[in-house]
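Working notes, structure below.
Residue numbers begin at 1 in each chain, while the letters A, B, ... track the order of the sequences. These numbers come from the heavy atoms of this one structure, side chains and all, not from hydrogens, waters or symmetry mates.
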Amino acid sequence: MEQVFEAIWQAITLQALTMVALGVFAGITVGAIPGLTSVMAIAVLVPFSFFMAPINGIPFLLGIHKGALFGGSIPSVLINTPGTAAAAATSFDGYPLAQKGEAKSAIQMALYSSTLGDTFSDIVLIVAAFPLAAVALLFGPTEFFALMVMGLTIISAVTGSSVLKGLLSMLIGILIGLIGQDIISGAERFTFGIGNIMDGVGTVPMLIGLFAVSEVLVQSEKKLSELSNKPETAHLKGGKSLDLKELVNAKWTIMRSSLIGTAVGAIPGTGAAIATFISYALAKRGSKNPEEFGKGSYEGVAAAEASNSAVAGADLIPTLAFGIPGSASAAILMGAFMAQGLRPGPSLFQEHAATMYGIFTLLLIGNPIMLLQGKLLTPLFARIVTIRQSILVPIILLFCVVGGFIYQNSIEDVKVALLFGLFGFGLRKLNFPLAPLVIAYILTASAEESMKQALVLSDGDFTVFLTRPISAFFIFLSVALLGMAVWKRPWAH
Amino acid sequence: MLKRGILWVGAMAAAVVLVAAPQAEAAKYPIKPIKVILATGAGGSHDMHCRAVASVIHEYLGQPFLCTIRGGAGGKIGMTALKRSKPDGYTIALGSNSHFGIAPHARDMGFDPKTDFIPIFQVNGSPFMLVTKSTTPWKTYKDLIDDAKKRPGKISISSNGAWGSSHLGIIQIMRAANVKFKHVPFRGGGKAWQAMYGGHTDLGWANVTTGGTLGRIKSGDLTLIATASKKRMPEFPNHPTFYELGVNYEYQSWRVFLVPKGVPQDRIAILQAALHKASKSKTLKKLVNQFGEKLIPLSGPKLEKAYLDEIDSYGKVFKDMGYKKKKK
C-alpha cells in the first residue's frame, strides 16, 4: 500500500499535470471540430509519447481521449452536428436547447455529466478491471445481438408525434444500415461498386449530412432579411449558466447512465453509441417530464453525455486486462502502452505497479482538469449562437464539407454528406423524425453481423437467443420495455 | 525525455514550414515530407510500425514520414490512392499482403499488385498461428483432425473476414485433411481472437502480439496447434508448421514499404538507404521489440522476388479452390 501512495505521489509532477492539461485541451478542440475524431488525434500524437516517460506520455493521450468526448457535445449542441455516432443523442436535446437560447447551460450540463460519467468509469477501471473484463468475455455474437435488439427498442421512445412516421424512419435507417459487405459471404450489397461505401455508409459523413446540411437547407429557405438580423436569443449572449437545480434533477439519470456506459464500455467492440441510446431511452422512461425529451431536456443531454464519457474509461478495461481494445481509440492507446513496454495482461499491474498507479492517478486528475477547462471555454463557444445566421450558416456548410472530407481524406464522403443533407431536408419537410433513422442505421450493421455469426454457430437454430442466459435476459428486457411502452404510452397522442 | 519530445515537435513544425515554402529546386530529394499511406485501420500493427519508423526516419532522410490512414473497403481505398499518386517518391505506402497478396485474387481491387507497385523495403512480418484455449480437448493438430472427422461441421474457427487471410487457412486445412469446420467470420483479427478467447468459437488465429498471444501460449493459457510460417518459429521450436502437417498454408502479417511504379530508381535508393540506417537505430529496435516484434530489414531483388512469389502463391490457392473472382 505504501508503495502505491509513493507511486501516486511521484506521478503528480508539474510536467505530468501539464501534459494531462494539454491533452484534455487538444481533445476538447478536436472533439469540437466536426469531422475530426479523437482516433485521428491520438494516432497522430502517439509518436510524441514514444519519447516521453510513460508517466507523462500516456496521460497526455488519455487526456485527448477524455477531452474529445466532451468536446463532441459542443457542435452537437450549437450547430446540430454530432461529430461521432455517440454524440448523436446529445443533439436530440442539446440543439433544441441552443435554439431556445440556452446553449451555455446545455453545454455545461454536457460538461458536468461527461466529467461525472468519466470519473465513475475511471474508478471502476482502477478497482475492478479484471473481474469486469472476465464478465465482458462472456459476450459472444448471441449476446451482442440481444444487446443490439434492446438498443433498437428505444426507437419507440423517440418516434415523435406520429408512430407511423417514426417506424418508417426506422425502416429507412435499417435499409441504409444494410449497405456494405455481407459479413458471412463477403458479397457487396447496394454498393453499386462505390468503394467508399463497401464497409457501409460512413457514420460521420451521414450524420453531418442528415443533421447539419439539412439544417443549412432549412435555414436557406428563409428570407435574407430574416437571416441578417441578430438571432432573437442573441441578447442572452449564449444564455444563463446551468441552474444547479437541473443538475440535481438529473442526478439519477447521470448515475444510471454512467453505470450503463461503464458496463457496455467494458464489452469490447460494442461502441459508445449503443450505451448512449439505451441510457437516453431509460432516462426518458424514468423522467418526470418525458414529454420534454427531444424538445430540449437537460436530462436528455445528461443521459447521453454521462454514458458516452463513461464508455471512455471502461474502454480501457478489456484493453489493459486482455489486450483486446474496446474501440479504435483504445487500440491506438494500447499501442502507446506497448511502446512503453507496458504490455496488457494480468502481469501488467504486478510488473509495472508504480507506473500504472501513476497513470491512473493522472487519469483521475484529468477529470477536474477537464471540468476547469470546460468551464472557461464554454462561454466562448456559447457565443456562437449570437452570430447572425447569414454569417453562421455558410460557416456551418463549410464545416460540413471539410468535416466530410477529413473523415477519410476522401471527396466521396463529402458527396455522401451532401446527398444525406438533401435526403434529411426532405424528411424534415415531411415531418419525419430523424432520431429513429439514425439509431436504426447505427445499430443495424452490428446487429445483423452478430445475428448471422450466432446463427452460424448454432447451425441456424433461432432458439439460441433464448437459451443462452445473458441473451435471454436482454430479449426479455426488450419485450418488457416495448410492452410497457404500448401499455402506458405516456408520450403518444 | 521531454526534451526529445520537444525536439520532435520542432522537427514537425520545421517540416510544416518547409512544405509551405515555395519549392524551388526539385533535383534534390527529398525536399519535403513523405506521405506514407496506410490502407489498414488506425491502431493496427501497420499503423504502429509506421509511426515507430516515422519517429526516427527524419534523422536519416532529412525529412519526416507522415503516416496517413486511408483505410476502408478492404484496402481498396488506400491502395488505389497509392496507384493514382504522382510517382515522385513523395507518396509511398506501408503495404499489407492481405491487400496486395490476397484481395486482388478475391475481387476487383482497382489495381494490379504486380504492375502498379514496387516493394522497396520490408520492415518485418509475423506469422499466423492457429490457437485454442487450453480448456479445449485438443493439444495437437492430430487431436483436432481426429475429432473433426468424428463431428463434421461442429468445431468452429473464427476468421478475420470472408475470403481473407485466415479464412484461406481454414479452407486449406479442410481441403488437406478432408474435414469440415464451422467458419465464423468477424470484422478484423482482434474481434475474431476475442470470440476464441471468450470461448464462443473453438479455435482462432493470432500472431504473436494479438491479445498477448506469445505470453499466453508460454503460460499454458492457449494451446498452439500449428504455425503458418515457412519454417518453425524460433519462439516455438517444438510446434509444427502447417507445411509439416501437409497443409499448403503460409501467412504472415507482412509490413512492406511500396512505391507506385515509375518512381525514379535513385529516389528509391535514397529511401532504401535511409530505411536500412533507421532499422539499425537503437530507438526503433527498442520500440518494435516493445510491440513484441523484431525488425527483419530486407530490400532489393530478394524482396522483389518474395513479393511476386507471395502474389502468385495465393493466386494458386484461389485457382485450386476453383474460386471465381467477383468483377465489381
Can you name the closest pair of heavy atoms from [X] and [Y] and give their distance?
{"X": "A/M338", "Y": "B/F291", "answer": "CE-O, 3.2 Å"}
{"X": "A/I324", "Y": "B/Q194", "answer": "CG2-OE1, 3.6 Å"}
{"X": "A/P141", "Y": "B/F186", "answer": "CG-CZ, 4.0 Å"}
{"X": "A/F322", "Y": "B/R216", "answer": "O-NH2, 3.3 Å"}
{"X": "A/V46", "Y": "B/M48", "answer": "CG1-CE, 4.3 Å"}

Quiz item: For B/H167, is it the side chain, the backbone, both, or neither that has a heavy atom closer than 4.5 Å to a heavy atom of chain A?
Solution: neither

Quiz item: Heavy-atom distance under 4.5 Å to chain A: side chain of B/T68, backbone, both or neither?
Solution: side chain

Practice problem: Evaluate the side chain to side chain contact (heavy atoms under 4.5 Å, CB included) criterion for residues A/Q453 and B/K191: first the C-alpha distance (whole Å), next the side-chain angles of each, then the deciding distance (0.1 Å), finally the verdict. | Solution: CA-CA 12 Å; A/Q453 288 161 341; B/K191 285 186 179 172; over 6 Å; no

Practice problem: Applying side chain to side chain contact (heavy atoms under 4.5 Å, CB included), run through A/D459 and B/K154 and close with a yes or a no. | Solution: CA-CA 9 Å; A/D459 294 315; B/K154 289 293 166 199; 2.8 Å; yes

Quiz item: Between the main-chain N or O of B/T209 and the side-chain N or O of A/R343, is there a donor-acceptor pair closer than 3.5 Å?
Solution: no

Exercise. Say whether, by atom type as modelled, one donor and one acceptor occur between the side chain of B/R51 and the main chain of A/A43 under 3.5 angstrom.
Key: yes

Quiz item: So does B/F318 have more than 12 non-hydrogen atoms from other groups sitting under 6.0 Å from CZ?
Solution: yes

Quiz item: Which bit of A/P344 comes within less than 4.5 Å of chain B, counting heavy atoms only: side chain, backbone, both or neither?
Solution: neither

Quiz item: Rounded to the nearest 0.5 Å, how far apart are CZ of A/F144 and NE2 of B/H200?
Solution: 8.0 Å

Quiz item: CZ/A/F51 to CG/B/L287 distance, rounded to the nearest 0.5 angstrom?
Solution: 6.0 Å

Quiz prompt | Pairs of heavy atoms under 4.5 Å with chain A: top-ranked of B/A81, B/P185, B/G212 | solution = B/P185

Quiz item: What residue in B/G110, B/G153, B/A162, B/S45 has the most heavy-atom pairs under 4.5 Å with chain A?
Solution: B/A162

Quiz item: Can you list the steps and then say if A/I183 with B/R187 is a side chain to side chain contact (heavy atoms under 4.5 Å, CB included)?
Solution: CA-CA 7 Å; A/I183 179 83; B/R187 282 192 210 280; 3.7 Å; yes

Self-check item: Working for side chain to side chain contact (heavy atoms under 4.5 Å, CB included), residues B/R107 and A/M198
Solution: CA-CA 12 Å; B/R107 54 202 173 77; A/M198 216 183 91; 3.3 Å; yes

Self-check item: Contact leader toward chain B among A/L333, A/D182, A/T142, A/L138, where contacts are heavy-atom pairs under 4.5 Å
Solution: A/L138

